[in-house]
Protein chains: 4
Amino acid sequence: MKVEQERSIARRQRIVDAALEVFSRRGYRDAAMDEIASEAETSKGGLYFHFPNKQAIFLALLDRTARLLRERAEEAITAHDGPLARLDAALLVVIRTFAGHRSLARLFLIEAFGAGREFNRRMAEIHAEFAELITRHLDEAVAQGAIQPLDTKLAGKAWFGALNEVVTAWVLDDEPGRLEDSYPALRVLLLRSVGVLEQEGPRTGV
Amino acid sequence: MKVEQERSIARRQRIVDAALEVFSRRGYRDAAMDEIASEAETSKGGLYFHFPNKQAIFLALLDRTARLLRERAEEAITAHDGPLARLDAALLVVIRTFAGHRSLARLFLIEAFGAGREFNRRMAEIHAEFAELITRHLDEAVAQGAIQPLDTKLAGKAWFGALNEVVTAWVLDDEPGRLEDSYPALRVLLLRSVGVLEQEGPRTGV
Amino acid sequence: MKVEQERSIARRQRIVDAALEVFSRRGYRDAAMDEIASEAETSKGGLYFHFPNKQAIFLALLDRTARLLRERAEEAITAHDGPLARLDAALLVVIRTFAGHRSLARLFLIEAFGAGREFNRRMAEIHAEFAELITRHLDEAVAQGAIQPLDTKLAGKAWFGALNEVVTAWVLDDEPGRLEDSYPALRVLLLRSVGVLEQEGPRTGV
Amino acid sequence: MKVEQERSIARRQRIVDAALEVFSRRGYRDAAMDEIASEAETSKGGLYFHFPNKQAIFLALLDRTARLLRERAEEAITAHDGPLARLDAALLVVIRTFAGHRSLARLFLIEAFGAGREFNRRMAEIHAEFAELITRHLDEAVAQGAIQPLDTKLAGKAWFGALNEVVTAWVLDDEPGRLEDSYPALRVLLLRSVGVLEQEGPRTGV
DNA sequence: GATGAATGAGCATTCATTCAT
DNA sequence: AATGAATGAATGCTCATTCAT
């Protein structure tokens, strides 16, 4: 039993991995189940044993990615003190994660929209989640008097959008530089936008 | 001849109008040439007389939209003095244009990606153009001493991204409020991000 | 215009003809659209231009067949006088029609059921129509005093069923004799069942 | 061993029961092995342990049903004297059996055809068997002088067909009445068709 | 210029059957 | 005996594109 369950989970994993590969190579619509199957070293039927349809695979991939980002961000957050430092660390971690997984970034920021009306709601939710995370910390910063009161909801969206665009441009760049290198300047802009003029960057490694 | 040319141009117009309608109703992939044809009150063959293929229609639509935005932005720009005021006016005009054409916004910000790998390059260019417009004015503001030197290229992307996200969230909102209402706060954020603390909004009408 | 319409109608005809061929060769479910297409010397897309789906082709075929039978039956009916003679002529015509088109009989009596729940209602209607035709004439025979009063609704079903089974057995027979040869005896049985002991057969040719 | 054999037989029973349920719910083609398995509270593998394939399950069900009908009919037959009384009793028992098992009737009279070319032969046999049972008794009635000589083979088919159609119409009726109520009138028709004008109905219970 | 009929490659999905455990 | 994971052939349907009229 145990063994079989583990194998089944592993197979799902492999399918989702393959899906990432194929979706980011072809885009959602042009990705054929056949190709995902062979990339996952299984058969088309195998795919349908583990997932009800193509959409479900994409959704699983989306959720896995969102979870990964969220977990890393939260980890970074708990490792720091003070709302702005935490936010700072979280954004850096997001940048770094995408920097290390360009195809994942492409999937998350580009393919996910346009994959069909059905995904728009889910993507809106994911965007909203991240924007809210930012909003929450800005609210706390306001509460602690670290920054002046402001429309934190809007700021959450704006920060997320700024980050988003920087990463998107990097994804679509034919000869991309190092994504992480954009962060320091972006950080200054974002902090200034809420009225923080100086603050040291996070001391997280590398 | 003259008359026929005009008629032909009018027909193209009607097709592109129909395309906007259908693409934003269904998304690029799910929009059928049949539906565009009937929306344009012509036949499938008629479409292919005026455009070589589906992609070309979409591209024409994209370019028409980009041109519209650019023209309006430039108009606003020439109506103002000083790089920051001009930028301010341009962004406001973009916001207002999208506010008045939600389906166009959806098309431009959501469908355009995911319409297929072939469009990504074009979209990247369009994004870049707008980011560069911002960068240009920020550069000028730096040159005039209105703001402190900064990474204006990055700031261009960030500003555009912030704007983008605010509009996107509005497009995907089931019960959207008035998009224009977000602008004043966004404006403050953006200006602050480049170190400008106070500045009156543009006096553009309504 | 005229020419094109005619051609279009001819094509539909050809498709329905091909469908009869293929459905009665393979049965409804095992008939592939591909095979119907090639039998009709057109392409799969062509099929779908003229019919919305497989079911619609089958239904068109069913209706065409039912219409053919009805028309021939009515023709025979108007050529005779007296309800029993008319009925007699109608049944004979049905028998003869099936005798001349074994695959059509197979389709109509065997494939049509079992082609899927969706067809059952239609088939029930068709059966009912024929049974009612019989019932109507029996009613008239009663009204004219040619036969004693009886449950004509039930008799309609029973007569139709008897006919049906005789034809079905012939269709499924590996070495079938001449279907028409069964008619005289069947005729005697049916007439006797409503109390008519003697009556000459119809004088319709061959 | 004994116990295990019994268990195995019971399992087969359960599978065939489940098959009846599912086949008459969905029709042969649309019935999935998965659904039969879960209805039988076993697994797909379990099905294939007891039967070589889907067809075999259907055949087993068909044969079980035919056997049931035959046994009940024979029972009724031996309980009566005289060929016509026996026939009468047999038909009544068939009617009553179907009346009590509508899904079984649907399966036997409707799904069984159209389940695929492979079943046609078997169904033809089953029909023939019942027709022959009728023929046999009519032959005996002729031999005993109870009825005048006639084409008893044809009459067998016709009787069976009449019965068949009455039951089929009832199966396909959305708001069916009591099937048994049709029998007395049908009986009169059938008997008259072979020249018997009066005869009391069978005295079989209820 | 315009039309509508035709094409055919492409694809998601289903499902009976197999088989290692 | 039983399970459930895996297989892969089969198929209805879509749709951009072509082209004779």
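As the structure is a prediction and not an experimental result, all values here were calculated from the model. Below, chains carry the letters A, B, ... as their sequence lines are ordered, and counting in each starts from 1.
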Margin query: Closest-nucleotide mapping onto DNA chain F: is A/F49 or B/M33 further toward the 5' terminus? I mean the 5' end.
Written below: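 Whichever sits nearer the 5' end wins; that is A/F49.
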Check: What is the minimum heavy-atom distance between A/Q55 and A/F119, and which atoms define it?
Finding: CG-CZ, 3.0 Å
Please tell me if [X] has a side-chain N or O lying less than 4.0 Å from either OP1 or OP2 of [N].
| X | N | value |
| --- | --- | --- |
| A/S8 | F/dG4 | no |
| C/R11 | E/dA6 | yes |
| C/R7 | E/dG4 | no |
| C/K44 | E/dG8 | no |

Checklist line | Counterpart base for F/dT18, defined by Watson-Crick or G-U wobble contacts under 3.5 Å | finding: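 The answer is E/dA5, by the H-bond criterion.
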To the nearest Å, how far apart are [X] [atom1] and [N] [atom2]?
| X | N | atom1 | atom2 | answer |
| --- | --- | --- | --- | --- |
| B/L47 | E/dG4 | CG | C1' | 13 Å |
| C/F51 | F/dT14 | CZ | C1' | 18 Å |
| A/N53 | E/dT14 | CG | P | 8 Å |
| B/D30 | E/dA12 | CG | C1' | 14 Å |
| C/Y48 | E/dA9 | OH | P | 16 Å |
| D/R26 | E/dC15 | CZ | P | 10 Å |
| A/E35 | E/dA12 | CD | C1' | 15 Å |
| A/D34 | E/dT13 | CG | C1' | 11 Å |

Checklist line | NZ/NE/NH1/NH2 to OD/OE distance under 4.0 Å, A/R29 and A/E111 | finding: no
Item checked: Residue met sooner reading DNA chain E from 5', once B/T42 and D/A32 are mapped to nucleotides -> B/T42
Margin query: If you assign each of C/H50 and D/Y28 to its closest nucleotide in DNA chain E, which residue comes earlier from the 5' end?
Written below: C/H50
Next item on the list: Classify the nucleic acid contact of B/A31 as base, sugar-phosphate or nothing, counting any heavy atom under 4.0 Å across all strands shown.
Entry: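 It contacts sugar-phosphate atoms only.
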Notebook entry, point to check: Given E/dG4, F/dG12, F/dA6, which nucleotide is nearest the side-chain atoms of B/S43?
Noted result: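 For the B/S43 side chain, the nearest candidate turns out to be E/dG4.
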Next item on the list: Determine, for A/Y28 and A/K54, whether the Lys NZ or Arg CZ falls below 6.0 Å from the six-membered ring centre while staying within 45 degrees of the axis.
Entry: yes
Checklist line | Separation between CZ of A/R11 and OG1 of A/T42, rounded to the nearest 0.5 Å | finding: 4.0 Å
Check: Taking the side chain from C/R26 and the backbone from C/A32, do they hold a donor-acceptor pair closer than 3.5 Å?
Finding: no
